Every structure is written in structure tokens, then in C-alpha cells.
Amino acid sequence: MAVELYWGSGSPFAWRVMLALEWKKIPYVSNLISFSKGEHKAPAFVAMNPRGKVPVLKDGDVTLYESLAILNYLEKKQPEPALLGRSPAETGAIWRHISECVHYFAPAASSVIVPVFFGGVGEKAEAMKAAATLHNELARLEKILESADWLVGDKPSGADLWWYPETMLVERAGANPAAQPLDLDLGAIAKRYPAIGRWQKRVETQPGYEKTYPPHWKKAA
Ligand SMILES: N[C@@H](CCC(=O)N[C@@H](CS)C(=O)NCC(=O)O)C(=O)O
């Protein structure tokens with residue numbers, strides 16, 4: 001029985017899991033959930049994830065939610081290519097990057113993304129403070145990527161999987177007209193951070209990029 005993935009367009013959590021499935025070449029049935037129709041709150045979905053959030057992975061008798069848990073599951077199911085490192089040093093470095101993304105970048109990203117996409121841009125001071133954190137983190141990433149193709153080692157890993165969708169989402173929020181009055185300078189990341197721009201393009205040459213790119217972003221382009 002094929003693995004089934006329930007995902008939503010533009011969700012960085014779901015995007016990571018889809019890319020992991022693609023990079024590992026695990027065949028899967030794709031179930032795109034419509035947020036606007038509230039499909040993630042439908043009883044059948046909540047029976048799989050009581051939090052009503054994507055992604056959810058089904059593999060035979062196993063139903064799993066939480067993207068990090070799913071990544072670990074997929075790593076055990078299909079160890080090659082390894083996305084969570086081969087040596088202790090590599091594994092530690094990958095998890096450090098994931099942890100930094102989750103604990104430092106993502107909360108600041110939310111403080112920008114939520115008001116831009118869902119209203120409340122009146123929270124200007126809050127968003128600008130968050131943007132300063134994002135720029136610090138992007139500058140840190142830029143330094144690493146000035147002398148490396150990938151965040152850890154010489155191959156794409158879970159570290160790239162975690163950071164890439166988040167940088168894309170922040171850039172999209174930064175380019176939104178609602179962000180203009182905030183002067184966040186996040187709408188053209190590649191211009192201000194060229195090494196990050198080159199790395200984003202590199203990620204986009206990996207398997208599954210076209211297939212996993214958020215469909216509603218394509219429509220808006
Ligand atoms: N910690 C979860 C976060 C998942 C999450 O927040 N998904 C969002 C989309 S980005 C969602 O489904 N939100 C719908 C909702 O909360 O109503 C994970 O890592 O999978």
C-alpha cells in the first residue's frame with residue numbers, strides 16, 4: 001500500500017515532508033487539503049490529526065502528524081539518501097540547524113507572515129522587530145552559504161529542508177503589498193543575500209521541486 005500524504009498549499013511544514021518524500025523517491029499518494037473549504041477541520045481529517053493541521057502521513061496502519069516526526073519516520077523507512085546525517089558530527093549539525101530554524105527564525109517569521117497575510121499590519125512595531133531578527137538570521141545563513149553549497153556537508157539534508165520553505169514564505173510575505181508600509185526589506189532575499197539566492201536555486205534543482213511548489217503561489221505569479 002502506498003504512503004499517503006495530506007498537505008496544504010503553502011504550508012512550510014507540509015512542503016518539507018513532500019520534498020523529503022521526493023528526495024528519498026518514496027512513492028506517495030498526494031491529498032491536497034483545502035484550508036479555505038475547512039477540510040483540515042473535517043471529522044475524517046481530525047480523526048487523523050486531532051490538531052487539524054497538515055501534514056499528515058498515512059503508511060498502512062501508521063498515521064503520523066508533526067512534520068519533524070514524519071521526517072524521522074521517513075528516514076527510518078527509507079534511509080537513502082540520508083537526510084539526517086551519517087556521522088555523529090553531521091547529525092548534530094543538521095539538528096542544530098533545524099532547531100535554530102524552529103526556535104529563532106520561524107517564530108519571527110510568523111510575526112511578519114501572520115499580519116501580512118491575515119491582517120493586522122497595524123502591529124508595525126512588532127513586525128519590524130521580528131524583521132530585524134529575520135535579517136540577523138539571514139545574515140548568519142548568508143555567511144555559511146558564501147563558502148558552502150549546502151547547510152551541512154556536500155549534499156542536501158534536513159537542514160536545507162527546514163530552512164528553504166521558511167525563507168520562501170518570508171520572501172513571499174515581504175513582497176506582499178500589505179508589507180510595503182512596514183519597510184521590512186524581505187521581498188527580494190536574493191538581492192540582499194546573494195548566497196542564499198544561489199542556494200534557493202540549488203534546492204530548486206532537486207527532485208520534486210515543480211511538483212511540490214505551492215499550487216496557489218503559481219496561480220498568483
Ligand atoms: N508543528 C506542526 C505544525 C503544522 C502546522 O502549523 N500546519 C499549518 C499549516 S502551515 C496548519 O495546518 N494550520 C491549520 C490550522 O491550524 O488551522 C508540524 O510541524 O507539522
Side-chain angles (χ1 to χ4, degrees), residues 3-24 26 28-59 62-77 83-84 94-120 127 130 134 137 151 157-176 178-179 186 203 208 211-220:
V3 167
E4 282 193 70
L5 180 72
Y6 295 81
W7 61 288
S9 181
S11 161
F13 304 98
W15 198 354
R16 291 164 181 142
V17 166
M18 278 184 107
L19 284 173
L21 285 162
E22 295 285 339
W23 292 3
K24 285 181 172 289
I26 299 173
Y28 63 99
V29 175
S30 150
N31 298 300
L32 176 60
I33 292 296
S34 163
F35 292 123
S36 59
K37 290 186 189 150
E39 288 174 358
H40 55 309
K41 303 299 176 194
F45 188 87
V46 173
M48 295 189 295
N49 179 356
R51 295 184 190 275
K53 291 179 189 292
V54 295
V56 172
L57 185 93
K58 277 195 78 168
D59 185 16
V62 176
T63 302
L64 196 58
Y65 54 91
E66 288 300 315
S67 52
L68 267 173
I70 298 172
L71 177 65
N72 277 279
Y73 179 88
L74 296 177
E75 186 81 349
K76 288 280 181 205
K77 182 180 171 71
L83 296 179
L84 294 174
I94 291 166
W95 277 107
R96 178 177 61 78
H97 278 290
I98 293 174
S99 184
E100 288 179 302
C101 181
V102 170
H103 295 292
Y104 307 118
F105 194 77
S110 286
S111 300
V112 168
I113 290 162
V114 172
V116 168
F117 290 143
F118 305 106
L134 294 177
E137 290 297 318
L151 288 174
S157 74
D160 307 286
L161 267 186
W162 243 251
W163 277 92
Y164 170 78
E166 205 72 43
T167 63
M168 294 293 282
L169 196 56
V170 159
E171 187 160 24
R172 190 171 155 82
N176 189 291
L186 288 166
V203 172
K211 192 169 157 191
T212 64
Y213 189 83
H216 81 281
W217 291 14
K218 285 182 195 164
K219 278 185 209 146

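All ligand and atom numbering here is 1-based and tracks the order in the structure. This is a predicted model, so every value here is computed, not measured.
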- Query: Hey, which of Leu21, Leu5, Asp59 is the one that makes side-chain contact (heavy atoms from CB on, under 4.5 Å) with Ile26?
  - Reply: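 One option only clears the test, and that one is Leu21.
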Check: [Y] main-chain N/O paired with [X] side-chain donor or acceptor under 3.5 Å:
X: Glu39; Y: Ser34; answer: yes
X: Asp160; Y: Leu151; answer: yes
X: Asn72; Y: Leu68; answer: yes

- Query: Can you list, by chain and residue number, every protein residue with a non-hydrogen atom closer than 4.0 Å to ligand 1?
  - Reply: Ser11, Pro12, Phe13, Phe35, His40, Lys41, Gly52, Lys53, Val54, Pro55, Glu66, Ser67
- Item | 4.5 Å side-chain heavy-atom contact, Tyr65 and Pro50 |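 Yes; the side chains approach each other to less than 4.5 Å.
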- Message: Which label fits Phe105 and Trp163: parallel for a plane angle under 30°, tilted from 30 to 60°, or perpendicular past 60°?
- Response: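 Correct class here is tilted.
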